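Read through the structure below, which is laid out as structure tokens, and then see the notes.
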Number of protein chains: 2
Amino acid sequence: MVRQSEPIAAARIPLSKDRVLRGAITVADAGGIEALTMRKLAEELGVEAMSLYYHVANKEALLDGMADAIVGEIEQAVGGFDVPSNGVDWKAAIRRRILAAREVMLRHPWAPGVIETRTTVSPAMMRYFDSLIGVFRAGGFSYDLAHHALHALGSRAIGFSQELGEPHDGEQADQDVTVMLEQMADQLPYIVGMLQAISHDDPDSTLGWCDDQVEFEFALDLILDGLERLRNKA
Amino acid sequence: MVRQSEPIAAARIPLSKDRVLRGAITVADAGGIEALTMRKLAEELGVEAMSLYYHVANKEALLDGMADAIVGEIEQAVGGFDVPSNGVDWKAAIRRRILAAREVMLRHPWAPGVIETRTTVSPAMMRYFDSLIGVFRAGGFSYDLAHHALHALGSRAIGFSQELGEPHDGEQADQDVTVMLEQMADQLPYIVGMLQAISHDDPDSTLGWCDDQVEFEFALDLILDGLERLRNKA
DNA sequence: ACCTGAACACCGTTCAAGT
DNA sequence: ACCTGAACACCGTTCAAGT
């Protein structure tokens with residue numbers, strides 16, 4: 001009989017906080033955040049549920065770590081949070097960071113919800129905000145205006161905007177929506193009118209009337225342009 | 001012995017979907033959303049947990065109903081979602097709705113989280129959006145620009161903006177923060193600089209550097225002004 | 001029609017115990 | 001130092017049964 005040195009590929013790798021966090025992100029990516037239970041995560045890692053508590057204080061701390069790791073992905077994507085020198089194109093630099101952040105969020109759809117519910121700002125998030133403020137400063141913003149800017153951007157600063165009726169998920173057929181809209185026409189005339197006006201422009205579908213990338217950039221530029229105007233006025 | 005017609009005040013009032021929803025909102029207002037369990041809600045209503053399922057399909061449906069009720073509160077606060085006639089001051093009308101919505105959200109701090117996680121747009125939310133679009137239209141917006149406007153407002157349209165490091169909750173003492181900031185000064189120079197610059201203006205505290213009402217209105221007006229500019233250009 | 005008791009499957013977490 | 005088994009308190013929910 002062979003010594004059977006590798007029963008399952010990486011099953012012998014000892015647990016670590018890093019491995020726990022990576023596993024948790026994998027589980028959440030695959031099955032959504034509601035699929036992330038301590039027991040399922042343990043199974044994913046080939047370990048007993050209670051072993052996790054040796055590396056992570058509790059589930060809340062696990063979520064904290066996941067949020068930090070996701071912001072770390074942004075940091076990696078933009079090649080570090082270094083602040084450019086004075087006189088840089090601040091708008092382009094901010095835009096690049098935020099659009100990179102958005103791409104990371106699109107890869108991890110559960111992340112916005114987790115980030116939003118954190119009660120403490122993670123270290124990576126601190127570095128991210130610091131770099132945003134730094135860019136604003138290099139672009140000639142006062143600290144006061146930079147502060148306003150962060151509030152105005154809100155969660156858009158880290159790449160997501162909470163859309164309100166979003167998760168249609170394509171479950172419902174276009175035709176159902178069309179029928180429903182006709183029934184509502186008298187109660188909700190403006191919504192119906194808007195959907196009709198927009199679906200004419202985009203004859204492809206009634207449901208896909210929101211190109212999220214376009215809308216995200218529209219709102220982002222609206223805010224950045226407004227900030228620029230305030231910056232120049234001061 | 002008396003007939004004991006009223007053992008406990010309203011204990012004999014039969015359950016109803018409305019009473020269940022009101023009870024749920026009461027529980028969430030008092031103890032936060034994590035205090036809202038089917039068992040606790042039943043207790044609040046003087047009933048057995050399983051009775052709730054006669055009036056509400058499941059907990060998700062309960063949350064749907066709560067979200068709808070909260071938007072109903074906005075509707076009540078602004079005196080109905082009627083759309084004003086043409087040529088109205090659209091900016092003031094939008095502002096009024098959104099600031100009223102914000103007040104409702106401040107009364108129910110759990111509501112944003114619940115509203116955000118709904119997968120379907122509730123009837124009251126439909127009416128609210130319809131009224132917003134109606135106001136934009138009456139103010140001379142194209143359907144296309146009104147659509148962009150809703151996306152740009154995001155959740156701010158219903159009165160909240162997801163602030164990222166918000167729930168400080170005043171737990172941490174100001175002094176702790178001051179000490180912490182000194183320690184971070186080399187790692188996070190811009191955050192530290194910003195906090196110092198702002199706390200100079202507002203010597204009252206280091207923590208209370210965000211007057212949320214001011215910041216909310218700043219961002220709201222930034223967006224509304226941007227929209228106005230686009231409207232006038234078209 | 002409306003409410004309930006008992007039970008099920010599943011959570012997060014503690015704690016004493018193993019190696 | 002790292003991992004585990006058994007147990008606890010607590011979930012949402014089903015289902016058959018009561019009035």
Side-chain angles (χ1 to χ4, degrees), chain A residues 4-28 30-67 110 113-114 117-120, chain B residues 4-28 30-67 110 113-114 117-120:
Chain A
Q4 197 192 349
S5 53
E6 292 180 4
I8 297 151
R12 291 294 86 174
I13 299 178
L15 226 47
S16 68
K17 180 162 182 184
D18 196 72
R19 236 163 69 75
V20 169
L21 291 181
R22 284 178 194 286
I25 290 173
T26 302
V27 170
I33 198 64
E34 79 280 357
L36 180 68
T37 69
M38 299 303 268
R39 285 167 163 91
K40 283 239 192 74
L41 172 54
E43 194 180 359
E44 164 83 18
L45 293 167
V47 103
E48 226 53 39
M50 292 68 207
S51 310
L52 301 172
Y53 287 87
Y54 191 85
H55 299 93
V56 113
N58 49 37
K59 191 172 183 183
E60 212 58 19
L62 175 69
L63 295 172
D64 287 346
M66 292 169 75
W110 50 269
V114 170
T117 54
R118 294 313 85 206
T119 55
T120 162
Chain B
Q4 196 191 349
S5 54
E6 291 180 4
I8 297 151
R12 291 293 87 174
I13 298 179
L15 226 47
S16 68
K17 179 161 183 185
D18 196 72
R19 235 162 71 75
V20 169
L21 291 181
R22 285 179 195 287
I25 290 173
T26 303
V27 170
I33 198 65
E34 79 280 358
L36 180 68
T37 69
M38 298 305 267
R39 284 167 163 92
K40 283 238 192 72
L41 172 55
E43 194 179 2
E44 164 82 18
L45 293 167
V47 101
E48 226 53 38
M50 293 67 208
S51 310
L52 301 172
Y53 287 87
Y54 191 84
H55 299 93
V56 115
N58 49 39
K59 191 172 184 183
E60 211 58 20
L62 175 70
L63 295 172
D64 286 345
M66 292 168 76
W110 50 269
V114 170
T117 54
R118 294 312 85 208
T119 54
T120 160

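These numbers come from the heavy atoms of this one structure, side chains and all, not from hydrogens, waters or symmetry mates. As the structure is a computational prediction, the values presented were derived from the model and not from experiment. A note on names: the letters A, B, ... follow the listed sequences, proteins ahead of strands, and every chain is numbered from 1.
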Could you tell me the separation between the [atom1] atom of [X] and the [atom2] atom of [Y], rounded to the nearest 0.5 Å?
X        : Y       : atom1 : atom2 : answer
A:Thr120 : A:Glu60 : OG1   : CD    : 11.0 Å
A:Leu15  : A:Glu48 : CG    : CD    : 11.5 Å
A:Arg22  : A:Glu44 : CZ    : CD    : 13.0 Å

May I have the distance from [X] (atom [atom1]) to [N] (atom [atom2]), rounded to whole angstrom?
X       : N      : atom1 : atom2 : value
B:Leu45 : C:dT4  : CG    : C1'   : 15 Å
B:Asn58 : C:dA9  : CG    : P     : 20 Å
A:Lys59 : C:dT14 : NZ    : P     : 15 Å
A:Leu62 : C:dC11 : CG    : C1'   : 15 Å
A:Arg39 : D:dC10 : CZ    : P     : 15 Å
A:Glu60 : C:dT13 : CD    : C1'   : 14 Å
A:Met38 : C:dT14 : CE    : C1'   : 13 Å
A:Lys17 : D:dC3  : NZ    : C1'   : 19 Å

State, yes or no, whether a side-chain contact exists between [X] and [Y] at a heavy-atom distance under 4.5 Å.
X        : Y        : value
A:Leu45  : A:Leu52  : yes
A:Val114 : A:Arg118 : yes
B:Thr117 : B:Leu63  : no
A:Met50  : A:Met38  : no

Given [options], identify the nucleotide with an atom nearest to the side chain of [X].
X       : options               : answer
B:Met50 : C:dC3, C:dT4, D:dC3   : C:dT4
B:Tyr53 : C:dT4, D:dT14, C:dA7  : D:dT14
B:Glu48 : C:dT14, C:dG5, D:dC11 : C:dG5

Query raised in the report: Taking only side-chain nitrogens and oxygens of B:Tyr54, does any of them come within less than 4.0 Å of OP1 or OP2 of C:dC2?
Result: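 Affirmative; the distance criterion is met.
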Query raised in the report: Should A:Ser51 be listed as having a side-chain N or O under 4.0 Å from OP1 or OP2 of D:dT4?
Result: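 Yes, within the criterion.
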Report task. Determine the contact category for A:Thr37: base if any of its heavy atoms lies under 4.0 Å from a base atom, sugar-phosphate if only primed atoms, P, OP1 or OP2 are that close, otherwise nothing. Result ->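 Touches sugar-phosphate only.
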Report task. Return the stems involving DNA chain D, sorted by first number, where pairs are Watson-Crick (N1-N3 with N6-O4 or O6-N4) or G-U wobble (N1-O2 and O6-N3), both under 3.5 Å, and runs are 3 or more long. Result ->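 Stem segments, range with range: C:4-8 with D:12-16, C:12-16 with D:4-8.
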